Number of protein chains: 2
Amino acid sequence: MLIAIRNNKRYPVAMDEKLRDKPGYALRRAASSATAELAARLDPLGLRQVDASVLILVDSNPLSTASAIGRALDIQRANMVPLLKRLEDAGWVERSPIDGKSQGLELTRAGRAKLAEALEVIEAFEASLLARIPAQHRDHLLPALNALWAGA
Amino acid sequence: MLIAIRNNKRYPVAMDEKLRDKPGYALRRAASSATAELAARLDPLGLRQVDASVLILVDSNPLSTASAIGRALDIQRANMVPLLKRLEDAGWVERSPIDGKSQGLELTRAGRAKLAEALEVIEAFEASLLARIPAQHRDHLLPALNALWAGA
DNA sequence: CAGCATTGTTATGACTCATAACTATAAAGC
DNA sequence: GCTTTATAGTTATGAGTCATAACAATGCTG
């Protein structure tokens, strides 16, 4: 909270007060702060957020292709390659040929264990997020957010 | 909406259904979709979102330093340099020395005009964001979001 | 006045992300 | 069946964002 001077008087204001009532701005700030926090929490597990997302999707959609997973997460096919390579090198994911051109993804035993760890961290994080929201607003966040991007 | 097969039955589900009830995930998706949309709307004005934010802050906090603006927007001092250079080259912002080491930022006439254009776009965008949210959730979004990052 | 903090700046490296190009294979249309 | 079109996986690459470190010059504090 800075002190701004206007009309020769001192007002306690944030410099970005003009922006604070804009949902778009709040959205960006909230997302980037949440992103940073979750990344920090996942880091000790050797996971990035994308990794965790992919593990979750592969687990609940076994034998999906890399392309399909990427499509669901808005990740370009090309960028799935190094991502999956990491997960495979770590021994969490394995691929099996579906036909001559596609390959299905599955979690290994180690992958499922890692996913369990990740889910614990994520659930704790989500809970802590919700806990920060005043009770009367809490239940509205998820439906509101989903309305914002589900259509896109 | 894809079709998943489980227990030999077909269910209409999204692949990321497991993620959809997580506020953190919804937050990231909503923010990135909103970010992309606003960027597209500002692009015809020759503005990025950061540019618009800086214009707004400089306008409402005239003679602030680059460091202060950066601090308010979580932009590193170092990264303010090319950013301000662009705004200055475009003739929207000018700097005047405050003392031997600091310089105050101000909008030029053209800068204020550009800001007015930007604000129109932004207001329209914010309104369209809110319009997508079911009425009963709408008023809760902003306070909920602000609770998420204001503390950080 | 001495030490510390801050400003503006340059340089740089890491990381993310989108695009294009290519091969091989599958699927669809006729 | 055969041709055309779409898709999967991959490589290479370039743009853009962002954080860090270092530095000189200046202001501020005790």
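The structure presented is a predicted model; accordingly, all values stated were derived computationally and were not measured. When reading the values below, keep in mind they use all heavy atoms of this one structure, side chains included, and skip hydrogens, waters and symmetry mates. Each chain gets a letter, A, B and so on, in the order the sequences are listed, and its residues count up from 1.
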For [X] and [Y], work out which heavy atoms get closest and say how close.
| X | Y | answer |
| --- | --- | --- |
| B:A40 | B:P44 | O-CD, 3.1 Å |
| A:M80 | A:A66 | CE-O, 3.6 Å |
| A:W92 | A:L45 | CH2-O, 4.3 Å |
| A:L63 | A:I98 | O-CD1, 3.5 Å |
| B:D21 | B:K18 | OD1-O, 3.1 Å |

Problem - Those residues that, when tested against B:A113, pass side-chain contact (heavy atoms from CB on, under 4.5 Å) (two or more places apart) - result: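 Partners of B:A113 by the side-chain contact (heavy atoms from CB on, under 4.5 Å) criterion come out as none, since no residue qualifies.
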Problem - Non-neighbouring partners of B:N79 that pass side-chain contact (heavy atoms from CB on, under 4.5 Å), sequence neighbours left out - result: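 By the side-chain contact (heavy atoms from CB on, under 4.5 Å) rule, B:N79 matches B:I75, B:Q76.
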Quick check for you: to the nearest 0.5 Å, what is the distance between [X] atom [atom1] and [Y] atom [atom2]?
| X | Y | atom1 | atom2 | result |
| --- | --- | --- | --- | --- |
| B:L57 | A:L19 | CG | CG | 5.5 Å |
| A:L148 | A:L27 | CG | CG | 6.5 Å |
| A:N146 | A:L141 | CG | CG | 9.0 Å |

Practice task
Check each residue of residues 41-51 of chain A for a non-hydrogen atom within less than 4.0 Å of any atom in DNA chain C, then write out the ones that pass by number, or none.
Solution key: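 Heavy-atom contacts with DNA chain C come from A:R48.
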Exercise for the section: Go through residues 80-99 of chain B and report each residue with a non-hydrogen atom lying under 4.0 Å from DNA chain C, sorted by number. Expected result: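 Within residues 80-99 of chain B, the residues near DNA chain C are B:V81, B:R95.
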List for me each residue that meets salt bridge (Lys or Arg N to Asp or Glu O under 4.0 Å) alongside [X], sequence neighbours excluded, and say none if there are none.
| X | answer |
| --- | --- |
| B:K22 | A:E123 |
| A:K101 | none |
| B:E117 | B:K114 |
| A:R71 | none |

Practice task
Check whether any side-chain N or O of B:Q76 sits under 4.0 Å from OP1 or OP2 of D:dC18, and answer yes or no.
Solution key: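 False: B:Q76 side-chain N/O out of range (4.0 Å or more) of D:dC18 OP1/OP2.
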Exercise for the section: Using the side-chain hydrogen bond (donor to acceptor under 3.5 Å, both in side chains) rule, collect all pairs that involve residues 129-143 of chain A, keeping only residues at least two apart or in two chains. Expected result: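 Pairs touching residues 129-143 of chain A that pass the test: A:E37-A:R132, A:S128-A:R132, A:H137-B:H140, A:H140-B:H137, A:H140-B:H140.
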Problem - 5′-ward residue of the pair A:N79/A:S102 relative to DNA chain D - result: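 Its nearest nucleotide being more 5', the pick is A:S102.
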Problem - Opening and closing nucleotides of DNA chain C in contact with chain A, under 4.0 Å to non-hydrogen atoms - result: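 The footprint of chain A covers C:dT16 to C:dA26.
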Exercise for the section: Would you kindly give the CG-to-P distance between A:L105 and D:dA8, to the nearest whole Å? Expected result: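 Taking atom P of D:dA8 as the reference, CG of A:L105 is at 12 Å.
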Pull out every protein N or O sitting under 3.5 Å from an N or O of nucleotides 1-7 of chain D, one pair per line with the distance.
unit_1 : atom_1 : unit_2 : atom_2 : d
D:dT7  : O2     : A:K101 : NZ     : 2.8

Practice task
Describe, as an angle rounded to 10 degrees, how the axis at the first end of the helix from C:dC1-D:dG30 to C:dC30-D:dG1 is tilted relative to the axis at the last end, five pairs per end.
Solution key: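 So the angle between the two local helix axes works out to 40°.
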